[in-house]
Amino acid sequence: MKETEGDDGMEVDEKAMMRMATPQQVQVRAAPLARALRTRVAAAAAASARSPEASQRALLGLSEPELRQLAVDLGQQSYRGKQLHDLLYKSRAKQIQEFSYVPKVFREALVGAGWKVGRSPVHHAVTASDGTTKILLKLEDNRLIETVGIPVDDDKGPSRLTACVSSQVGCPLRCSFCATGKGGFARNLHAHEIVEQVLAIEETFKHRVTNVVFMGMGEPMLNLKSVLEAHRCLNKELKIGQRMITISTVGVPNTIKMLASHKLQSTLAVSLHAPNQKLRETIVPSAKSYPLEALMDDCKNYFLETGRRVSFEYTLLAGINDAKEHAEELAELLRTCGGGYHVNLIPYNPIQGSEYKRPYRKAVQAFVDALEARKITVSVRQTRGLDANAACGQLRNEFQKNPLLESSPSSEPNLVPA
């Protein structure tokens, strides 16, 4: 959910949300919104207000016209901005001191005006047996965020490289099966802090990122301003096609409508995890503020406005939501939102401190069969990075709530604390 837009990029003006909603939606949503999300989102906004401000002036994320204007503003000719663009997105310079072929006076002017490239050092990286690599970046405020590179190889080597990027330091929504939510929330990421994750993955793999999924730490819709800025940069500056980008959400009132208004060609992935409101509330606490009927209506309207089908993510929890009856109920629910949908089943990936269990393959297949029998398009996500705690739902580190202390030993962090 979003409030009045500030330096943290978060908007949470509930009155504005109500103006955008239909009268029926207002009646359904108003009370739960006030009770369930007001405190949590206000805390998130306050935490973000204490974060490094966007006035850090990061060059990363700026377009060529913006860089040309910056050059002119600092007394340089416009073409110097084109040089900055090449240094950022082709040479991948990490510090202004590396801008070797622009005049020293220009470099000094940039530093004097408070500009930085906006790249963070890799604090730690771990690679799973399947090649999936989890990278921890140390941000300027000493907090750590995690991003994951997922390679897909063919006979000739890597053919596809997916970057799973974070949009927040931690997450305030606390889904019961997700490690990130259990680790707490600190702040939103700025756009350059999202973009740099993709660059870090490319450098680690020495391969171009072909796909980006906003499925790392955090709820992208609670940081939609920065997510959209990063999306533009990934598409325009790093040349990653919009259809190769997926933005996920567990559901934040009215933000799907906001996203639809931008008419992106990227995929919207909605984390559903249950076929009815009562069960969903036990798995996704924030669902209390967003009735399933309203969520499905917004998904239907998203498809009608953008022409892009919605992908529904459904984590299978053994004995909780994986019965044949749940599949049948899910099929009926999806029929209410018309066409333009796809179900992506995710067998639960275990995390410390959780009582949930991963379902047996037989149960997963029975769920698939029940959906397909009702003409529902479905796929099962292949588990990647499990032994590196880099699989879906496993991203968490002990410094997402409290920053890494400069005086602490530079030993490897506890990636998934108890």
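We count residues from 1, following the sequence as given.
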Checking the side chain of Arg308 only, and the main-chain atoms of Phe303 only, is there a donor and an acceptor separated by less than 3.5 Å?
no
Determine yes or no for a side-chain-to-main-chain donor-acceptor pair under 3.5 angstrom, with Thr210 supplying the side chain and Leu161 the backbone.
yes
For the backbone of Ile145 and the side chain of Ser166, can you confirm whether one donor and one acceptor N or O come within less than 3.5 Å of each other?
no
Testing the basics here: between Leu59 and Trp115, what is the closest heavy-atom pair and its distance to 0.1 Å?
CD2-CE3, 3.4 Å
Check ion pair Arg119-Glu98 (N to O, under 4.0 angstrom)
no
What I want to check is whether the side chains of Thr133 and Thr127 have a donor and an acceptor closer together than 3.5 Å.
yes
Using a 3.5 Å distance criterion without hydrogens, assess whether the side chain of Tyr89 forms a donor-acceptor pair with backbone atoms of Gly61.
yes
Does Glu202 CD have over 12 foreign heavy atoms under 6.0 Å away?
yes
Could you check whether any side-chain heavy atom of Glu313 comes within less than 4.5 Å of a side-chain heavy atom of Val343, counting everything from C-beta outward?
no
Looking at every heavy atom in both Pro275 and Leu333, which two are closest together, and how far apart are they?
O-CD2, 3.8 Å
Closest heavy-atom contact between His342 and Val378?
NE2-C, 4.0 Å
So, Gln197 versus Glu193: side-chain donor-acceptor pair below 3.5 Å or not?
no
Looking at Arg92 and Glu196, is any side-chain nitrogen of the basic one under 4.0 Å from a carboxylate oxygen of the acidic one?
no
Any donor-acceptor pair under 3.5 Å linking the side chain of His262 with the backbone of Leu259?
no
When rounded to the nearest 0.5 angstrom, what distance separates CG in Leu137 from CG in Leu144?
8.5 Å
Quick one: CG on Leu88 to SG on Cys233, what's the gap to the nearest 0.5 Å?
9.0 Å
Does Lys257 come within less than 4.0 Å of Glu305, counting only side-chain N to carboxylate O?
no
Identify the heavy atoms of Ala274 and Leu292 that sit nearest to each other, and give their distance.
O-CD2, 4.4 Å
Would you call Glu229-Lys225 a salt bridge at under 4.0 Å N-O?
yes
Using a 3.5 Å distance criterion without hydrogens, assess whether the side chain of Arg107 forms a donor-acceptor pair with backbone atoms of Val102.
yes
Donor-acceptor side-chain pairing of Asn223 and Glu219 below 3.5 angstrom:
no
Lys/Arg-Asp/Glu bridge criterion (N-O < 4.0 Å) met for Glu237, Arg232:
yes
Please check this pair: side chain of His273 against backbone of Thr315, looking for a donor-acceptor N/O pair closer than 3.5 Å.
yes
Is the backbone N or O of Gly251 less than 3.5 Å from a side-chain atom of Thr249, with the two atoms forming a donor-acceptor pair by type?
yes
Strictly below 4.0 Å, N to O, side chains only: are Arg374 and Glu332 in salt-bridge contact?
no
State whether Glu64 and Lys82 are salt-bridged, where the test is any N-O pair (Lys NZ or Arg NE/NH1/NH2 against Asp/Glu carboxylate O) under 4.0 Å.
no
Are there more than 12 heavy atoms of other residues, nucleotides or ligands under 6.0 Å from atom NZ of Lys362?
no
Value rounded to 0.5 Å, distance of CG in Leu84 from OG in Ser91:
11.0 Å
Pair Glu146 + Lys134, salt bridge at N-O below 4.0 Å
yes
Rounded to the nearest 0.5 Å, how far apart are CD1 of Ile376 and CG of Leu330?
7.0 Å
Using modelled atom types and a 3.5 Å cut-off, is there a donor and acceptor pairing between side-chain atoms of Asn321 and backbone atoms of Leu317?
yes
Would you say Lys236 and Ser63 make side-chain contact, with heavy atoms under 4.5 Å?
no
Would Asp322 and Tyr348 count as having a side-chain donor-acceptor pair, cut-off 3.5 Å?
no
Residues Pro220 and Phe214: closest non-hydrogen pair is CG-O, 3.6 Å
Describe, in one word, how the ring planes of Tyr314 and Phe367 are oriented to each other, choosing from parallel (under 30°), tilted (30 to 60°) and perpendicular (over 60°).
tilted
Residues Arg187, Asp141: salt bridge by 4.0 Å N-O rule
yes
Which value, rounded to the nearest 0.5 Å, describes the distance between Met217 atom CE and Cys171 atom SG?
9.0 Å
How long is the gap from OG1 on Thr306 to NZ on Lys263, to the nearest 0.5 Å?
8.5 Å
